[in-house]
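Note that this is a predicted model, so its numbers are computed, not measured.
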Amino acid sequence: MNAKSPPPPAATDLARLVDLAGLGPRTLEEFGPGLADLAAELEAAFEPGAGDLEPAPPRATRLADLRPDQARERHRAGLWLEAAPRSRAGFLEVPTAFQRPFGGAAPDQARGAADARLEVSAEPHPRAAPGDLPPGGTPPPPLAPDATALLLALHTGELTVAEVLDDHLQRLGPPGDGTTGWALDPWRALVAHRSEDELRERARGLDRDLAAKEAPPLAGLPFAVKANLACEGLETTAASRALFGWRAPYTATVVRRLVAAGAMPVATANMDEFAMGSSGEHSAHGATLNPWSPPGDPRAPGGSSSGSAASVAADLVPLALGSDAGGSVRQPAALCGVTGLRPSRGRLSRFGLVAFASGFDTVGPVAQSARDLELVLAVMAGADPRDATAGAPAGGPDFATWRGLKVGVPRRLLAGLGDGLEPAVGRSFDAALAELEDLGAELVDIELTSAEAALSAYHVSSCAEAASNLARFDGARFGGRPRDLATRPAASFEELVVRARDAGFGSEVKRRILIGTLALAKPREARRSGPDRRRLFAAAAETRARVTTEFEAAFARCDLVAMPTSPTRAFALGARLADPMAMYRADLLTVPASLAGLAAVSLPGPARGGLPVGIQLLAAVGQDERLLAAAAAWQAAHPHHLRRPGEVLG
């Protein structure tokens, strides 16, 4: 905070900020002095007096005064939920080991969380300490090196879908008794699993289709679905207590298209709550562990698609769906040594994706190889009447060869990172550039001078959108309700909202809601439509436009852009929890593509032993197919993606 920054706001101003965000006194206690520092840093972008927030508009309604004929108000207050059925869906079986909450509670308490739908405990989110996670290990060899090879084996009769399913279930281990050890998925990559009976019935049907040569292209391919994607038969929690127990009555478009092509959604993947995080530690299910963790040294898998990347890295599934706003597919793919795609703006439908930041959100697949991503992108892409932003056509020339292809490298940006760029990452990136040159690519220098500002612009814009999107979770229309509501009724709708959000949201979600609320707040004296309104949000929008312009200039000189995916390799669990800005900087090299809406893929880079390094390739909007074809050609010549946890590439 520079010398011109305003002093930390008074307690009354902080209370107004928390009230505007629909949170309560518990949030002030949770954040303590750090909340004041955070608010002061953001308010520095406003003119003097900008921290004097408007008081929240009156919205309290006494529940006792609502008449039975006031249907709309009763619905708003959530009273209709009292008569809602609380049936348990039979199509989801939660493995016993997952029924024990990570923190020592008894198994019956965990089962109660699933039974008591739309109710949340007042206890804070659990956060796993680094020491209570098991060490990583080398999983057994997969049936095939990637999804493409697995599908070939299925269609030629070398494997059956039943055999693939058996292999998947064996990788989860024996069911265990839920009280000892970590029998199922010790990395906490998967948080719920579809009924085994249902999966076996599906496998028998697909095997019949394969035998009759009538099977769809992805027949028998198991995949995991990130916990913020709706899928009938799997719980959709977004890793938040606010959605514990909720099972979507519909399926996301991208999932539905994969199922229609023969793929099998087998499990829900862990994630940072509401896709807000870069380490996989902000989950109400407990932190995910990177399968590459050295024994006794647990490492973060990245986030927010932590479970998606970790489940592919551990060979639990050959394909997983994640979501990417500022790097939430690419960064964990880099840290877990797998391949992850952020499709360009409008290529995939977002219908069924729990919204974090609507202007940035996109579904992104994670797999072992770029040729896997080519297969699933072709199935998932296309227009969708449920999402007006979907259906952007493919553009640009087809990929033929790396020879003569121009690759832009932002050398000044990378040099400016200094010690922020881990030496091992820098060496791997230099080796990757040398490999591209050997394939015939021509390297050209490009300028991305707004990358540092892009990080701030992304967090201001995305948090503002998050504050708006998550406003619906009020304990009435959406989200969980306090468990003690029956014994301690809310005196007003306002109190219901505060109690539900305080209990349902974790600390990182609350922090980002507060950032977004402050970015959207206007000074008390500003006119409703005057120039002083939402100055911080407007400045972020200008930076986004500037980043887009820089990329347009870069792609006028080159075909693709290359840079590291993450400035560092996988860091220790817990190492950055106390420093949110250090955590946010993990997205420094992924955020620019998100602001410009570009296609971007993270690939495992050259590394001899040790933790994996991610190399990122970027293409112009609509050139996703060309990008993946180029990535697949690189991987065919230099198969760094074949490394598995515990292996050393010779």
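- A salt bridge is absent between R411 and E447: the closest approach of a Lys/Arg side-chain nitrogen to an acidic carboxylate oxygen does not fall below 4.0 angstrom.
- Side chains of S278 and D272: no donor on one and acceptor on the other come within 3.5 Å.
- The heavy-atom pair separating S349 from A390 by the smallest distance is CA-CB, 3.7 Å.
- Atom CD of residue Q623 and atom CG of residue L618 lie 11.5 Å apart, to the nearest 0.5 angstrom.
- The pair R585-D587 does not count as a salt bridge, with every side-chain nitrogen at least 4.0 angstrom from each carboxylate oxygen.
- Residue S594 holds its OG atom at 9.5 Å from CZ of R345, rounded to the nearest 0.5 Å.
- Annotation: side chain of F429 is not in contact with side chain of L421 (no heavy-atom distance under 4.5 Å).
- Cation-pi geometry between R544 and F360 is satisfied (NZ or CZ under 6.0 Å from the ring centre, within 45° of the ring normal).
- To the nearest 0.5 Å, the span separating CG on L243 from OG1 on T236 amounts to 8.5 Å.
- Within the 4.5 Å cutoff, the side chain of L405 has heavy atoms near those of the F399 side chain.
- The pair D445-R412 fails the salt-bridge criterion, with no side-chain N (NZ, NE, NH1 or NH2) lying under 4.0 Å from an Asp/Glu carboxylate O.
- In this structure, F274 CZ and F473 CZ are separated by 4.0 Å, a value rounded to the nearest 0.5 Å.
- The residues D624 and R347 are annotated as salt-bridged, a charged nitrogen and a carboxylate oxygen being separated by less than 4.0 angstrom.
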### Message
Using the rule given for side chain to side chain contact (heavy atoms under 4.5 Å, CB included), can you reason through M563 versus L617, listing the C-alpha separation, both sets of side-chain angles and the distance that settles it, and then say yes or no?
### Response
CA-CA 7 Å; M563 63 176 72; L617 294 178; over 6 Å; no
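- In the model, E550 has a side-chain atom that pairs as donor or acceptor with a side-chain atom of S450 under 3.5 Å.
- Taken to the nearest 0.5 Å, the OG atom of S305 stands 3.0 Å off from the NZ atom of K226.
- With salt bridges taken as basic N to acidic carboxylate O contacts below 4.0 Å, none links E542 and R546.
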### Query
Taking it one step at a time, do R350 and S358 satisfy side chain to side chain contact (heavy atoms under 4.5 Å, CB included)?
CA-CA 9 Å; R350 295 174 302 165; S358 303; 3.8 Å; yes
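- The minimum heavy-atom distance between A325 and R342, with the atom names listed, is O-NH1, 3.2 Å.
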